[in-house]
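Every chain is numbered from 1, with letters handed out A, B, ... down the list of sequences.
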There are 2 protein chains.
Amino acid sequence: MTKESNSQQRPKPVTMRDVAKMADVSQSTVSRVLNRSASSVPIGESTRLKVLEAVEKLGYHPNLHAGSLRGQKTRLIAMMIADIANPFYQAMARAVQDVAHARRYDVLVVNSDHLAENEQLFCESMIRRPVDGIIAVPYHLTTDDLDDLIVRTGVSVAVLGQHICHPQIDTVGCNDEDATCDTVRWLIEAKGHKRIGFVGVKQAFPPGKRRYAAFVRAMQEAQLPIPPEYIKIGDWQVESGQRAMCELLALAEPPTAVFVCNDQMAIGALLKAQERGLRVPEDVAIVGFDDIPAASWVRPNLTTVAQYPTKIGTQLAQAVFERIDGIAVGERRLFHVSCRLIKRESA
Amino acid sequence: MTKESNSQQRPKPVTMRDVAKMADVSQSTVSRVLNRSASSVPIGESTRLKVLEAVEKLGYHPNLHAGSLRGQKTRLIAMMIADIANPFYQAMARAVQDVAHARRYDVLVVNSDHLAENEQLFCESMIRRPVDGIIAVPYHLTTDDLDDLIVRTGVSVAVLGQHICHPQIDTVGCNDEDATCDTVRWLIEAKGHKRIGFVGVKQAFPPGKRRYAAFVRAMQEAQLPIPPEYIKIGDWQVESGQRAMCELLALAEPPTAVFVCNDQMAIGALLKAQERGLRVPEDVAIVGFDDIPAASWVRPNLTTVAQYPTKIGTQLAQAVFERIDGIAVGERRLFHVSCRLIKRESA
DNA sequence: CGATTTACCGCATACGATTGCATAAATTTA
DNA sequence: TAAATTTATGCAATCGTATGCGGTAAATCG
């Protein structure tokens, strides 16, 4: 098409110097016209117009890499989440992107897959390519890891997860522990369940740990036993929920209700129970966590603890941009996006 | 925590000069040690070790912005999709990210929301911050728009969508038109449907246009009428599927089968039909498109034309990296990832 | 009318890394 | 032993932009 564009050799881009030449001014004048920022030198109206005209005529666009090198803003933020394939993170990612794009920032999206190794790689990437802001859902990273990043690159950071406590890192937390506890109590008191199973994830994951602790608390309060075989470990995916339910149903005395740590696993559990011919919630009640869209698509609808990833993402993005813009400078801010039980049909 | 890290002023990063000073060599020597790549100048073993030691001791990481400015690789690719909240794109995004991260490339993710304006903004962004590669699902962008991008920045591009035809842009296409046609024929011939509705999207969208054309073809072949009120326009979202089904069911003589252009809308239609007390597929059959995970979570399972976003994403990413690496240099390559009907319960 | 302020603009340098060219030392060859 | 190579390293320009500082002309002042 059109010209013979040779992709091997990077073409010469239109630079400020080209604009300067055409407008017959110096390159620095072009720069000043384009970012007629505060306190700088004033620019004559006629030159301003000459420059603007040349910019238009040449189709000039400033090179962001150059600005980044000069130590200006990079107009780039990075977001580290566990897995973009998870509807929870996907909604969060979308919210963050919306806030960022509205300010003409680009967003780097990185999946950690809950792997410590990937989280470290992420940090390294951020040192290699400094960005203005970082939004992360760390599972393994410590406060010190993030501090190192801040000290080295001066980046602004906001995270989801209460286990990070750093004077310059804004944090969004949720009351998932209380919500879990309340939900289990409700299963016991309002629904009369006594044999309750739990499908969680590895204790290495802060939310997994918290929710398990809350589950234990509620059960102990009610003086109910927690047989070890009622506790199953999944990996957040649908299939692991199916496996867990399989094992629970194979027990001599299966639980009458199961609390599952996220909706994907809960859906897996639900499908498996139905496949085995059980009625939900009559034979076995199921509660999930997150309230992903599919939770209200399955039959019976999933009773679940709703989280609000869009709110969380928006909050994180706003927090990080406030620090980038220097609007927020002081101490760590702790935001709260609460979750709450949505009672539907599955329990 | 630890030191008093001042985020207002960007801290001085560890640079090559620092390494050079510690190793007592020139900065260019450090550079050569670090990328002893090409057949460049040889380096003495003892200096090499000195430098490496200093790198280790200082925790040096090269600054990618600097390399980008010098016209080297940016180690950055961008991906423009319609909406990361759509399971189809989300799976594609994940595949692209996996390929990219394996090569230590970062990925910029941009949502167009099917809006022409956003697609243009995306192009502008890519001019401002040149990247090595672009993977896009363009709905409004023309071949010329992309050509402009290539001419100006030398970027490598791969797209999903047959309507882009450019000598340097690798393309992934699918046979959605044939698959649609075959599916409608199957509804007619194998299932005996005569009144078939269609839930599509605006004709401005190439896939919407193609699938509608295929639907018309199949119906005309079978000499079946296509009443205008059987054709509904949605926006790819669940809610629009519900609305469309609402309208179809309100007709004096509603269709006995509905072909829906994506699974999200199909699920909306399914839920609405059930809400109205209809049995699927007995009272109304529903066919979707994409085979998103939720298609097999709903009851009845969705009969749908499966696409393979992971394959598509992987293919696009590989194609673009082959161009970036100069492995592929010649003419446009056309790849094919076919889709096929998955017969389940809803039709 | 000479001196000082004001308004406007250009020169030069810096950001961090790559790379062609020059150079010094070590080695080989004639 | 001198000349030609080879080997190893440094110098300096460059990428595109931002900005401190200095310079020039016009405007204002005494």
Output every pair passing ring pair (Phe, Tyr, Trp, His ring centres under 6.0 Å) with a member in residues 47-79 of chain B, not counting sequence neighbours, ordered by first then second residue.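 Sorted pair list comes back empty.
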Please, which pairs that meet ring pair (Phe, Tyr, Trp, His ring centres under 6.0 Å) have at least one residue in residues 106-156 of chain A, sequence neighbours excluded?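 The answer is A:His114-A:Tyr139, A:His114-A:Phe205, A:His114-A:Trp236, A:Tyr139-A:Phe205, A:His140-A:Phe205.
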Can you tell me the distance, in whole Å, between the [atom1] atom of [X] and the [atom2] atom of [N]?
{"X": "A:Lys73", "N": "D:dA18", "atom1": "NZ", "atom2": "C1'", "value": "14 Å"}
{"X": "B:Arg152", "N": "D:dG16", "atom1": "CZ", "atom2": "P", "value": "13 Å"}
{"X": "B:Lys21", "N": "D:dT9", "atom1": "NZ", "atom2": "C1'", "value": "19 Å"}
{"X": "A:Asp18", "N": "D:dG16", "atom1": "CG", "atom2": "P", "value": "8 Å"}

With a 4.0 Å heavy-atom cut-off, tell me which residues in residues 122-130 of chain B come close to DNA chain C, sorted by residue number. none
Please tell me if the side chains of B:Ile127 and B:Leu149 come closer than 4.5 Å, counting only heavy atoms from C-beta onward. yes
Over its full length, what angle do the end axes of the helix from C:dC1-D:dG30 to C:dA30-D:dT1 make, each axis taken from five pairs and the result rounded to 10 degrees? 60°
Salt bridge (Lys or Arg N to Asp or Glu O under 4.0 Å) against A:Arg75, all qualifying residues, sequence neighbours excluded: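 A:Arg75 satisfies salt bridge (Lys or Arg N to Asp or Glu O under 4.0 Å) with no residue once adjacent residues are dropped.
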Just jot down the salt bridge (Lys or Arg N to Asp or Glu O under 4.0 Å) partners of B:Arg70, sequence neighbours excluded, or say none. none
Please output the side-chain donor-acceptor pairs of residues 43-54 of chain A that fall under 3.5 Å, not counting sequence neighbours, one pair per line with the distance.
residue: A:Glu45; atom: OE1; partner: A:Arg48; partner atom: NE; Å: 3.3
residue: A:Thr47; atom: OG1; partner: A:Gly44; partner atom: O; Å: 2.9

Check side chain to side chain donor-acceptor pair (under 3.5 Å) between [X] and all other residues, then give those that pass, not counting sequence neighbours.
{"X": "A:Asp83", "value": "B:Arg94"}
{"X": "B:Thr142", "value": "B:Asp145"}
{"X": "B:Gln97", "value": "none"}

Might you list the N or O atoms of the protein lying below 3.5 Å from N or O atoms in nucleotides 8-17 of chain C, with each pair's distance?
residue: C:dC9; atom: OP1; partner: A:Thr47; partner atom: OG1; Å: 2.6
residue: C:dC9; atom: OP2; partner: A:Gly44; partner atom: N; Å: 2.7
residue: C:dC9; atom: OP2; partner: A:Thr47; partner atom: OG1; Å: 3.0
residue: C:dG10; atom: OP1; partner: A:Ser26; partner atom: N; Å: 3.1
residue: C:dG10; atom: OP2; partner: A:Ser26; partner atom: N; Å: 2.9
residue: C:dG10; atom: OP2; partner: A:Ser26; partner atom: OG; Å: 2.8
residue: C:dG10; atom: OP2; partner: A:Thr29; partner atom: OG1; Å: 2.2
residue: C:dG10; atom: N7; partner: A:Arg32; partner atom: NH2; Å: 3.2
residue: C:dG10; atom: O6; partner: A:Arg32; partner atom: NH2; Å: 2.8
residue: C:dC11; atom: N4; partner: A:Ser28; partner atom: OG; Å: 3.2
residue: C:dA14; atom: N3; partner: A:Arg70; partner atom: NH1; Å: 3.1
residue: C:dA17; atom: OP1; partner: B:Tyr60; partner atom: OH; Å: 2.5
residue: C:dA17; atom: OP1; partner: B:Asn63; partner atom: N; Å: 3.1
residue: C:dA17; atom: OP2; partner: B:Met16; partner atom: N; Å: 2.6
residue: C:dA17; atom: N7; partner: B:Gln27; partner atom: NE2; Å: 3.0

Of all residues at least two apart in sequence or in a different chain, which pass the ring-ring contact (aromatic ring centres under 6.0 Å, His included) check with A:Phe321? A:Tyr105
